[in-house]
Q: 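Submitted below is the structure of interest, expressed as structure tokens.
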Amino acid sequence: MMSNSRLLWSSMTVTAALMLGACSEPSNEAANTNADTPAAGTAGKTIRIATEGAYPPFNYTNADGSLAGFDIDVANALCEQMQAKCEIVAQDWDGIIPGLLAQKYDAVIAGMSITAERQEKVDFSEPYFANTMVWLTDTKGSFDPKSIKNLTLGGQRSTTPGAYLQDNYEGKDGNTVQLYDNYDNAYLDLKSGRSDAVLAEKVSAKSWLADNSEGFGIVGDEIDNDDNIAIAVRKGDALKEDFNKALSEIRSNGELARLEQQNFGQ
């Protein structure tokens with residue numbers, strides 16, 4: 001038989017062990033955590049996102065002023081995944097990164113390519129689309145992408161095709177590069193004969209050709225310049241990882257592929 005003091009010590013030891021076991025048991029909340037749970041910082045939050053609104057089929061402005069296109073669909077899908085409210089605004093391309101740095105909005109989803117120059121100013125999410133470039137020209141003309149000399153070449157300012165044109169053709173072999181505020185103006189000069197060819201992203205070129213196929217077409221092979229499109233946020237912003245997590249989810253559940261098909265076709 002135990003003495004009263006030893007009995008008391010034994011009871012205290014058992015009680016302590018039970019309490020320790022209870023503390024070690026994972027809570028139901030932790031056990032139920034999964035990949036679909038939004039980041040704590042985004043649930044219920046309003047995220048202000050900028051897009052250009054003049055770069056179909058990635059983003060464009062409807063007659064009623066509403067924004068549409070692949071970028072807008074991706075933005076809405078990401079905000080739904082993060083259980084956040086999307087507020088999407090239009091911003092001219094040249095001012096889109098300055099506006100982000102000035103905190104006019106929280107992110108840019110605008111068909112923006114990852115470049116070393118931009119990475120000095122902003123952080124990028126994981127890519128959500130990969131581009132290639134193509135030449136658009138009058139199919140009745142003599143444009144040969146393997147022999148570009150004494151021609152006027154069009155593109156959009158502050159884009160990867162625009163930079164490619166400047167690096168490879170400006171002032172070389174008698175060529176002149178003409179860059180525009182947007183692709184609509186580049187295509188207008190192509191149609192009017194003021195330029196010989198336009199270098200554009202493939203999906204943008206195909207979108208324009210859907211309504212302008214007569215007499216115009218893509219000439220030559222696609223140019224793969226490792227052009228990856230991603231979401232831009234301010235340096236060090238935790239929103240980057242929130243977007244990365246949501247991107248992973250809509251990629252794995254097939255939603256991103258569905259939006260590509262919806263906006264770009266095959």
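Atoms considered below: every heavy atom in the structure, side chains included; atoms not considered: hydrogens, waters and symmetry mates.
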Q: Specify the closest pair of heavy atoms between Leu247 and Leu78, including all atoms of both residues, with the distance to one decimal.
A: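 Scanning both residues completely, I find the closest heavy atoms to be N-CD2, 3.6 Å.
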Q: Kindly say whether Leu151 contributes a backbone atom to a donor-acceptor pair with the side chain of Asn175 at under 3.5 angstrom?
A: yes
Q: Measure across Leu190 and Thr137 and return the closest heavy-atom pair with its distance rounded to 0.1 Å.
A: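 Looking at all heavy atoms of both residues, the shortest contact is CD1-CA, 4.2 Å.
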Q: Using 4.0 Å as the upper bound for N to carboxylate O, is an ion pair formed by Lys149 and Asp173?
A: no
Q: At their closest point, which heavy atom of Gly220 faces which heavy atom of Pro145, and how far apart are they?
A: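 The pair with the smallest heavy-atom distance is CA-CG, 3.9 Å.
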Q: Taking Asp123 first and then Lys235, would you say they form a salt bridge - that is, a charged N and a carboxylate O separated by under 4.0 Å?
A: yes
Q: Run the side chain to side chain contact (heavy atoms under 4.5 Å, CB included) test on Glu260 and Tyr128 for me, step by step, so that the C-alpha distance in whole Å, both residues' side-chain angles and the decisive distance to 0.1 Å come before the verdict.
A: CA-CA 10 Å; Glu260 287 184 13; Tyr128 63 91; over 6 Å; no
Q: Side chain to side chain donor-acceptor pair (under 3.5 Å) for Gln178 and Asp189? Distances and angles first, verdict last.
A: CA-CA 10 Å; Gln178 179 64 52; Asp189 269 9; over 6 Å; no
Q: Nearest 0.5 Å, what's the CG-CG distance between Asp73 and Leu256?
A: 10.5 Å
Q: Treating Asn244 as the side-chain partner and Glu126 as the backbone partner, does any N or O pair qualify as donor plus acceptor under 3.5 Å?
A: yes
Q: Under the ring-ring contact (aromatic ring centres under 6.0 Å, His included) test against Phe70, which residue among Phe129, Tyr55, Tyr60 passes?
A: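 The residue from Phe129, Tyr55, Tyr60 that satisfies ring-ring contact (aromatic ring centres under 6.0 Å, His included) with Phe70 turns out to be Phe129.
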Q: Please name the pair of heavy atoms, one in Glu170 and one in Thr176, separated by the smallest distance, quoted to 0.1 Å.
A: OE1-C, 4.3 Å
Q: Give a yes or no answer on whether the side chain of Lys206 reaches the backbone of Ile218 with a donor-acceptor pair at less than 3.5 Å.
A: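 A pair under 3.5 Å: no.
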Q: Assess the side chains of Asp227 and Ser113: does a donor N or O sit below 3.5 Å from an acceptor N or O?
A: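 Side chains of Asp227 and Ser113: pair found under 3.5 Å.
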Q: For the pair Thr61 (side chain) and Leu67 (backbone), establish whether a donor and an acceptor sit closer than 3.5 Å, ignoring hydrogens and angles.
A: no
Q: Is Met133 linked to Tyr187 within one hydrophobic cluster, defined over Ile, Leu, Val, Met, Phe, Trp and Tyr using a side-chain heavy-atom separation of less than 4.5 Å?
A: no
Q: Mind running side chain to side chain contact (heavy atoms under 4.5 Å, CB included) on Arg157 and Trp93 for me, showing each step along the way?
A: CA-CA 9 Å; Arg157 186 179 296 110; Trp93 183 253; over 6 Å; no
Q: Looking at every non-hydrogen atom in both residues, tell me the closest pair between Asn131 and Val203 and how far apart they are.
A: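 In this case the closest contact between Asn131 and Val203 is OD1-CG2, 3.9 Å.
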Q: Taking the side chain as everything from C-beta on, heavy atoms only, tell me whether Ile88 gets closer than 4.5 Å to Asn76.
A: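 Yes, their side chains come closer than 4.5 Å.
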Q: Find out whether Asn168 and Ile148 are in side-chain contact, i.e. whether some heavy atom of one side chain is under 4.5 Å from a heavy atom of the other.
A: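 With C-beta onward as the side chain, the pair stays apart.
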Q: Would you call Lys146 and Asp144 a salt bridge, using N to O less than 4.0 angstrom?
A: no
Q: Run Ile47 and Phe243 through side chain to side chain contact (heavy atoms under 4.5 Å, CB included) and show every step you take.
A: CA-CA 11 Å; Ile47 300 175; Phe243 276 125; 4.3 Å; yes
Q: Which pair of non-hydrogen atoms, one from Phe124 and one from Ala230, has the smallest distance, and what is that distance?
A: CD2-CB, 3.9 Å
Q: Considering only heavy atoms from C-beta outward, does the side chain of Tyr183 approach that of Trp208 to under 4.5 Å?
A: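 Tyr183 does not reach Trp208 side chain to side chain.
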Q: Distance-only, no hydrogens or angles: does the Ser252 side chain make a donor-acceptor pair with backbone N or O of Ser248 under 3.5 Å?
A: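 Judged by distance alone, yes, a pair lies under 3.5 Å.
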